[in-house]
Trainee: 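Supplied in structure tokens, the structure appears directly below.
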Amino acid sequence: MTGRPQRILRIDSSARYEGSVTRELTGRLVERLSALAPGAEIIERDLGPGVPVVTEVSVGAYFTPPDQRDPAQHRALAPSDALVEELRSADVLVLGVPMYNFTVPAALKAYFDLVARVGLTFRYTEQGPVGLLSGKSAYVVVSTAGVEVGSTADYTTDYVRQFLGFLGITEVQVVAADLLLADAGRLDLARQRIDALAAA
Ligand SMILES: Cc1cc2nc3c(=O)[nH]c(=O)nc-3n(C[C@H](O)[C@H](O)[C@H](O)COP(=O)(O)O)c2cc1C
């Protein structure tokens, strides 16, 4: 992270724009982080409109050496290649994750399927898979209406941690804006946590 300005990649996955809690909080985090890192470049990846899902052609292409891919495989890989490059270039990730039916929105799952690329973002070794994106840190904003983050019904937070760890991103801070239906005051706690995290 030294020698060049930081690059912050903000990834939003809420289907909503108006009134989106996660978008408000990822925006707040990016604002705070960039105030601390003048010259930082902000990249915004909005998954709200959706991203392509993997297909038989793209999965086949993942496991075909680049010089042996046919034109259809190259075409199928283009969205994945671009997202992988964007992710690799970032120093800091700010990820907005609304809980949808106990887990992540389908668009975020589809994004994960596109950026988990053998040889690019992880590789297999005799000791098991090794993530290739070490050296990055991540902030994960999880928002829920009725499920408490960390409870047995939360299949979101640990899943995101697991996925990021699989790619080698292990420095992860979670900001919970949970149980908002029961207690709107928890949103303010999330805002305060963001301010404290960015000041740390
Ligand atoms: C399709 C859908 C599924 C949801 N599923 C859950 C859920 O399983 N548990 C929960 O606590 N909240 C659930 N919610 C509520 C959202 O997690 C909550 O409203 C969150 O703040 C949404 O993020 P956003 O405000 O950034 O859009 C769901 C909302 C939607 C739209």
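When a residue number appears, it is its place in the shown sequence, counting from 1. Read the numbers this way: they start at 1 and go in the same order the structure lists the ligands and their atoms.
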Trainee: Could you give all pairs that pass the side chain to side chain donor-acceptor pair (under 3.5 Å) test and reach residues 93-111, with sequence neighbours left out?
Mentor: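 Found K109-D113.
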Trainee: Using a strict 4.0 Å threshold on nitrogen-to-oxygen distance, state whether R191 and D188 make a salt bridge.
Mentor: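 Salt bridge between R191 and D188, a charged N being under 4.0 Å from a carboxylate O: yes.
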Trainee: Looking at the rings of F112 and F163, which for Trp means the six-membered one, are their centres under 6.0 Å apart?
Mentor: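 Yes, ring centres under 6.0 Å apart.
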Trainee: For ligand 1, which atoms have a heavy atom of S20 less than 4.0 angstrom away?
Mentor: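 It comes down to these atoms of ligand 1: 24 (P), 25 (O), 26 (O), 27 (O).
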Trainee: Answer side chain, backbone, both or neither: which part of R16 comes under 4.0 Å from ligand 1, heavy atoms only.
Mentor: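 Under 4.0 Å from ligand 1, R16 contributes side-chain atoms alone.
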Trainee: Which of the atoms of ligand 1 are close to G146, meaning less than 4.0 Å from one of its heavy atoms?
Mentor: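 This gives 10 (C), 11 (O) as the contact atoms.
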Trainee: Flag L180 as yes when one of its N or O atoms lies below 3.5 Å from any N or O atom of ligand 1, and as no otherwise.
Mentor: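 So ligand 1 has no N or O lying under 3.5 Å from an N or O of L180.
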Trainee: Polar contacts were defined as any N/O atom of the residue lying under 3.5 Å from an N/O atom of the ligand; does this apply to S143 and ligand 1?
Mentor: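 By distance alone, the answer is yes.
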Trainee: Is there a nitrogen or oxygen of T22 sitting under 3.5 Å from a nitrogen or oxygen of ligand 1?
Mentor: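 So ligand 1 has an N or O lying under 3.5 Å from an N or O of T22.
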Trainee: Grab the two heavy atoms, one from I8 and one from A40, that are nearest each other, plus how far apart they are.
Mentor: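 For I8 versus A40, the nearest heavy atoms are CD1-CB, 4.2 Å.
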Trainee: Could you name the option among E18, E24, M99 that has the heavy atom nearest to atom 28 (C) of ligand 1?
Mentor: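 It is M99 whose heavy atom sits nearest to atom 28 (C) of ligand 1.
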Trainee: Does P98 reach ligand 1 with a nitrogen or oxygen that is under 3.5 Å from one of the ligand's nitrogen or oxygen atoms?
Mentor: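 No, since none of the N or O atoms of P98 sits under 3.5 Å from an N or O of ligand 1.
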Trainee: Pull out every atom of ligand 1 sitting under 4.0 Å from any heavy atom of S14, numbered as shown with elements.
Mentor: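 Once the distances to S14 are compared, the set is 24 (P), 26 (O), 27 (O).
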Trainee: Please name the pair of heavy atoms, one in V97 and one in V140, separated by the smallest distance, quoted to 0.1 Å.
Mentor: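 In terms of heavy atoms, the two residues are closest at CG2-CG1, 3.9 Å.
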Trainee: Which residues satisfy the salt bridge (Lys or Arg N to Asp or Glu O under 4.0 Å) test with D81, sequence neighbours excluded?
Mentor: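 Partners of D81 under the salt bridge (Lys or Arg N to Asp or Glu O under 4.0 Å) test: R117.
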